[in-house]
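The structure under discussion appears below in the form of structure tokens.
The residues of the chain are indexed from 1 along the displayed sequence.
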Amino acid sequence: MCGCDDDCCGCISYRTRENIKYGCICFGIVAAIVLFAVLLAAYAFLRHITIIVEDASLTRFALLTSPTTALAYNLSLTLSVRNPNWAMTMKNTEPFEAAYKFDGQQFDRVLLADKGFKHSPGKTILYRLATSSESDYVSLGNAGVAEYKKENQTGVFELQVALTRKVSYTARYTKCKIEATCPLKLRIEQPGATTVVFEKVKCKLAKAEKNC
């Protein structure tokens with residue numbers, strides 16, 4: 001057994017310092033690996049947004065044929081848009097817009113959020129739209145007019161909401177174009193009539209561009 005002044009004490013002390021040194025190095029390496037994995041998960045892999053039509057109602061949808069073909073309508077929508085990325089903010093580099101279509105033809109366009117608007121990570125934003133027009137011009141053609149008359153007899157109109165926006169993400173250089181379509185089947189609601197429960201519609205996203 002050695003005393004405090006013996007050489008073996010210095011040897012043990014040296015070994016202890018070396019063990020602490022190597023322990024700190026190992027801890028640093030593990031911490032760096034964990035940090036890299038966290039940053040990789042946060043910024044390298046992009047998760048696409050989800051868009052759902054939570055509610056929609058149509059109280060008027062009339063076809064006008066004079067002096068030109070036009071639609072008079074009252075349409076209300078509630079859209080929920082979720083950014084599922086937990087670290088990346090979405091920023092509009094172009095306005096976020098919704099185009100209303102019937103039989104493939106656009107009859108109106110609505111602004112949801114302007115250029116520069118930011119959508120925080122992990123957040124869901126509700127957009128409530130209430131739009132109307134007495135005579136929005138639409139180039140339906142003979143086939144479109146015939147389709148309107150057909151659907152008018154049933155009282156159920158098939159509309160489409162086409163969403164477009166271009167965004168940038170935190171720590172990513174690529175700007176991504178987002179396009180989605182939301183098919184709707186809406187019955188004109190009459191005053192005093194029993195309200196029909198709306199079934200939520202999940203909008204379909206177009207195929208994303210490379211690195212988006």
Side-chain angles (χ1 to χ4, degrees), residues 46-62 70-140 156-189 195-212:
L46 183 63
R47 298 179 64 189
H48 296 142
I49 66 172
T50 56
I51 305 175
I52 296 174
V53 181
E54 299 283 347
D55 191 24
S57 64
L58 189 66
T59 57
R60 186 186 186 194
F61 199 67
L71 288 170
Y73 77 96
N74 295 319
L75 175 63
S76 296
L77 288 175
T78 299
L79 297 172
S80 70
V81 182
R82 177 170 175 76
N83 175 9
N85 299 285
W86 58 273
M88 289 186 284
T89 295
M90 298 168 55
K91 181 180 178 181
N92 287 352
T93 59
E94 292 181 2
F96 184 17
E97 297 181 327
Y100 297 156
K101 297 182 180 182
F102 175 75
D103 197 43
Q105 298 297 319
Q106 178 178 314
F107 62 87
D108 205 351
R109 197 170 188 86
V110 181
L111 177 69
L112 280 75
D114 215 335
K115 179 180 179 180
F117 177 80
K118 294 182 179 180
H119 191 155
S120 301
K123 300 296 183 181
T124 298
I125 297 178
L126 291 179
Y127 295 94
R128 293 182 173 88
L129 309 175
T131 51
S132 63
S133 176
E134 291 301 318
S135 58
D136 268 330
Y137 168 76
V138 58
S139 179
L140 289 179
V156 178
F157 292 97
E158 296 185 15
L159 307 180
Q160 184 184 74
V161 180
L163 302 166
T164 56
R165 73 190 302 189
K166 198 167 187 178
V167 301
S168 61
Y169 293 90
T170 304
R172 293 177 68 93
Y173 176 76
T174 306
K175 294 179 181 179
C176 299
K177 186 174 184 178
I178 299 174
E179 296 178 308
T181 54
C182 317
L184 303 175
K185 289 185 178 182
L186 300 175
R187 183 180 296 276
I188 294 181
E189 298 183 7
T195 302
V196 178
V197 177
F198 179 79
E199 294 186 9
K200 296 181 182 181
V201 174
K202 185 175 182 180
C203 302
K204 183 179 180 181
L205 295 176
K207 185 177 180 181
E209 300 171 329
K210 186 178 180 181
N211 298 324
C212 288

With a 3.5 Å cut-off and no angle check, do the side chains of Glu97 and Thr164 form a donor-acceptor pair? no
So, taking the atom named NZ in Lys91 and the one named NE2 in His119, what distance separates them when rounded to the nearest 0.5 Å? 15.5 Å
Does the pair Lys185 and Glu199 meet the rule for a salt bridge (Lys or Arg N to Asp or Glu O under 4.0 Å), with working shown? CA-CA 10 Å; Lys185 289 185 178 182; Glu199 294 186 9; over 6 Å; no
Minimal heavy-atom distance between Glu209 and Cys176, with the atoms involved, is OE1-CA, 4.4 Å
The residue among Tyr73, Tyr137, Tyr100 that forms side-chain hydrogen bond (donor to acceptor under 3.5 Å, both in side chains) with Asp108 is Tyr73
Which heavy atom of Arg128 sits nearest a heavy atom of Thr78, and at what distance? CG-OG1, 3.9 Å
Is it the case that the side chain of Asp103 and the backbone of Leu159 share a donor-acceptor pair, with hydrogens and angles ignored and the cut-off at 3.5 Å? no
State the CZ-CG distance between Phe107 and Leu75, to the nearest 0.5 angstrom. 6.5 Å
Could you check if a side-chain atom of Ser80 sits within less than 4.5 angstrom of a side-chain atom of Ile51, using non-hydrogen atoms only? no
Go through Leu184 and Phe198 one step at a time and tell me if the side-chain contact (heavy atoms from CB on, under 4.5 Å) criterion holds. CA-CA 10 Å; Leu184 303 175; Phe198 179 79; 4.1 Å; yes
Leu58 side chain near Asn74 side chain, heavy-atom distance below 4.5 Å: no
Atom pair CG (Leu77) and OG1 (Thr131), whose distance is rounded to the nearest 0.5 Å: 6.5 Å
Is the backbone of Asn211 close enough, under 3.5 Å, to the side chain of Arg172 for a donor and an acceptor to pair up by distance? yes
Below 4.5 Å, heavy atoms only, C-beta onward: do Phe96 and Val110 meet side chain to side chain? no
Under 4.5 Å between any side-chain heavy atoms of Val161 and Val53, yes or no? no
Salt bridge flag under 4.0 Å for residues Arg187 and Glu189: no
How close do Ala113 and Leu111 get, heavy atom to heavy atom, and via which atoms? O-CD1, 3.5 Å
For His48 and Ile178, indicate whether the former's side chain and the latter's backbone hold a donor-acceptor pair under 3.5 Å. no
Any Gln160 side-chain heavy atom under 4.5 Å of Pro183 side chain: no
Please find the pair of heavy atoms, one from Glu158 and one from Phe102, that lie closest to each other, and give the distance. O-CD1, 3.5 Å
Between atom CG of Leu71 and atom CG of Leu140, what is the distance when rounded to the nearest 0.5 Å? 5.5 Å
Before you tell me yes or no, could you show the steps for Tyr127 and Val81 under side-chain contact (heavy atoms from CB on, under 4.5 Å), namely the whole-Å CA-CA distance, both residues' side-chain angles and the distance that decides it to 0.1 Å? CA-CA 8 Å; Tyr127 295 94; Val81 182; 3.7 Å; yes
Arg165 and Ile49: side-chain contact (heavy atoms from CB on, under 4.5 Å), yes or no, with the steps? CA-CA 12 Å; Arg165 73 190 302 189; Ile49 66 172; 4.3 Å; yes
Glu179/Lys166 salt bridge by N-O under 4.0 Å criterion: no
Under 4.5 Å between any side-chain heavy atoms of Leu163 and Thr181, yes or no? no
Going from NZ on Lys207 to SG on Cys212, what distance comes out if it is rounded to the nearest 0.5 angstrom? 12.5 Å
Phe61/Phe157 aromatic ring centres below 6.0 Å: yes
Can you see which heavy atom on Ala70 is nearest to which on Ser135, and at what distance? CB-C, 4.0 Å
With rounding to the nearest 0.5 angstrom, report the CE to OG distance, Met90 to Ser120. 11.0 Å
For a quick check under 3.5 Å, do Arg47 and Asn85 share a side-chain donor-acceptor pair by atom type? no
Closest heavy-atom pair, Glu134 versus Ala72, reported as atoms and distance to 0.1 Å, is O-CB, 3.1 Å
Any side-chain heavy atom of Leu112 sitting closer than 4.5 Å to one from Leu129? yes
With heavy-atom distances below 4.5 Å as the criterion, would you say the side chains of Thr174 and Leu46 are in contact? no
